[in-house]
Amino acid sequence: MFVRTENAAEFKRFYPVTFTLICIHIALWLLAALPSHLAESFIHQLIGGMNSLISQGDYWRLFTPIFLHLSFSHLLFNSFSLFLLGPGAERILSSYKFLLFYLTCGLLGNIVTFLIQPSFYSHVGASGAIFGLLGFYLYLVIKQKHMLSKSNQQIIVVFLVIGLLSGLLTPGTNNTAHFAGGIAGFLLAFLIFKQKNKPQI
């Protein structure tokens, strides 16, 4: 499930939402990385997650930070994680439901960040949504073991441990969004599979 063998054209065709999200990550990072610092400043000032501005009515900032990244390493880690974790979830859920799931986890992570962190706090990154995917797979590991091989179950646990340790050990990481996104993903997976297993009347 987590080993990718497709070429770029096949990946785009099989997993259109995952492919598009990664492209958006890269496009916005490249735009912000233009030689002029004005581009970076403009993009982050316009759509970055800033609690002080959200409290003044810029509610789109609860959503738009999902697509922004501060550095190349930040972009690489989140995009590579999405590259590995996204296809399996997109195949299980369908592209439409996967997009809704992913954005909901990211949004809830940012909402909790807004509610818990101080007014001067600012943040960007897809990590809340990525942890939502980890929460989804953790639910499969615990409650739907038949859907994952033993090796894939172990990969999920390793991913989760690495993600948590990386967040806790890296200064400036929005761990609030990590935990909130992960919990949201787990609970949404519970609701999804509860609905799937609901007996027909």
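When a residue number appears, it is its place in the shown sequence, counting from 1. Owing to the predicted nature of the structure, the values given are computational and were not obtained by experimental measurement.
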Item to check | Criterion side-chain contact (heavy atoms from CB on, under 4.5 Å) on Tyr15 and Arg4, from CA distance to verdict | outcome: CA-CA 11 Å; Tyr15 316 112; Arg4 304 267 56 89; 3.3 Å; yes
Next on the checklist: Please evaluate residues Tyr102 and Leu82 with respect to the criterion side-chain contact (heavy atoms from CB on, under 4.5 Å), reporting the C-alpha separation (whole Å), side-chain torsions for both, the decisive distance (0.1 Å), and the verdict.
Outcome noted: CA-CA 10 Å; Tyr102 181 86; Leu82 180 55; 3.8 Å; yes
Item to check | side-chain contact (heavy atoms from CB on, under 4.5 Å) assessment of Phe11 paired with Phe83 | outcome: CA-CA 10 Å; Phe11 189 89; Phe83 173 76; 3.6 Å; yes
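Within 6.0 Å of atom CZ in Phe14, more than 12 heavy atoms from other residues, nucleotides or ligands are found, so the atom counts as buried in its surroundings.
Cluster annotation: Leu160 and Leu169 are assigned to distinct hydrophobic clusters (Ile/Leu/Val/Met/Phe/Trp/Tyr, side-chain heavy-atom contacts under 4.5 Å, transitive). Residues Ile26 and Leu70 are members of one and the same hydrophobic cluster, defined by side-chain heavy-atom contacts under 4.5 angstrom among Ile, Leu, Val, Met, Phe, Trp and Tyr. Under the 4.5 Å side-chain heavy-atom criterion for grouping Ile, Leu, Val, Met, Phe, Trp and Tyr, Leu115 is not connected to Phe120 through any hydrophobic cluster. A single hydrophobic cluster is seen to contain both Leu99 and Leu191, as judged by linkage of ILVMFWY side chains at heavy-atom distances under 4.5 Å, directly or through other members. Taken together through direct or relayed side-chain contacts under 4.5 Å among Ile, Leu, Val, Met, Phe, Trp and Tyr, Tyr137 and Phe80 form part of one hydrophobic cluster.
Residues Phe136 and Phe193 are in side-chain contact: their nearest non-hydrogen atoms beyond the backbone lie under 4.5 Å apart. Here the side chains of Leu68 and Thr64 are not in contact, with every heavy-atom distance at 4.5 Å or above. Annotation: side chain of Leu62 is not in contact with side chain of Thr113 (no heavy-atom distance under 4.5 Å).
When all heavy atoms are compared, the tightest approach of Ser79 to Ile22 is O-CD1, 3.9 Å. Residues His74 and Ser127 approach most closely at NE2-OG, 4.2 Å, considering heavy atoms. A pairwise comparison of heavy atoms in Cys105 and Ala129 identifies CB-CA, 4.2 Å as the closest pair. Taking all atoms of both residues into account, the shortest heavy-atom contact from Gly86 to Thr18 is C-OG1, 3.5 Å. Across all non-hydrogen atoms, the minimal contact from Ile130 to Asn78 is CD1-O, 3.6 Å. In plain terms, the two heavy atoms of Thr176 and Gln117 that are nearest each other are OG1-NE2, 2.7 Å.
One finds the CD1 atom of Ile156 at 5.5 Å from the CG atom of Leu85 (value rounded to the nearest 0.5 Å). A distance of 9.5 Å separates CD1 in Ile54 from CD1 in Ile111, rounded to the nearest 0.5 Å. Interatomic distance, Leu188 CG to Leu100 CG, rounded to the nearest 0.5 Å: 8.5 Å. The CD1 atom of Ile155 sits 9.5 Å away from atom CG of Leu148, with the distance rounded to the nearest 0.5 Å. Taking CD of Gln153 as the start and CD of Gln144 as the end, the distance is 11.5 Å to the nearest 0.5 Å. In this structure, the separation between CG on Leu103 and CD1 on Ile66 is 5.5 Å, given to the nearest 0.5 Å.
Among residues two or more places apart in sequence or in another chain, the side chain to side chain contact (heavy atoms under 4.5 Å, CB included) test is passed with Ser55 by Phe114. A search for ring-ring contact (aromatic ring centres under 6.0 Å, His included) contacts involving Phe72 returns Trp29, not counting sequence neighbours. The ring-ring contact (aromatic ring centres under 6.0 Å, His included) search around Phe190 returns none, not counting sequence neighbours. Remark: Lys97 engages Leu93, Ser94 in a side chain to side chain contact (heavy atoms under 4.5 Å, CB included) (not counting sequence neighbours). Ile142 is linked by a side chain to side chain contact (heavy atoms under 4.5 Å, CB included) to Leu138, Phe186, counting only residues two or more places apart in sequence or in another chain.
Using modelled atom types, one side-chain atom of Glu90 and one backbone atom of Val17 make a donor-acceptor pair closer than 3.5 Å. When atom types are taken as modelled, the side chain of Trp60 and the backbone of Leu46 share a donor-acceptor pair closer than 3.5 angstrom. Under a 3.5 Å cut-off, the side chain of Thr170 and the backbone N or O of Gly167 do not form any donor-acceptor pair. A distance-only check finds no donor-acceptor pair linking the side chain of Asn174 to the backbone of His123 [under 3.5 Å]. Formation of a donor-acceptor pair under 3.5 Å by the Ser122 side chain with backbone atoms of Met50 is not found in this model. Looking at Arg61, its side chain does come within 3.5 Å of a backbone N or O of Gly48 through a donor-acceptor pair. Side chain of Asn51 to main chain of Ser119: no donor-acceptor pair is present (N/O by atom type, distance under 3.5 Å, no hydrogens or angles). For the pair Tyr121 (side chain) and Gly49 (backbone), a donor-acceptor distance under 3.5 Å is absent.
Among pairs with a residue in residues 157-181, those fulfilling ring-ring contact (aromatic ring centres under 6.0 Å, His included) read Phe131-His178, at least two apart in sequence or across chains.
When only modelled atom types and interatomic distance are considered, Ser149 and Asn152 share a side-chain donor-acceptor pair under 3.5 Å.
In this structure, Phe63 and Phe67 have perpendicular ring planes: the angle between them is above 60°, well past the 30° mark.
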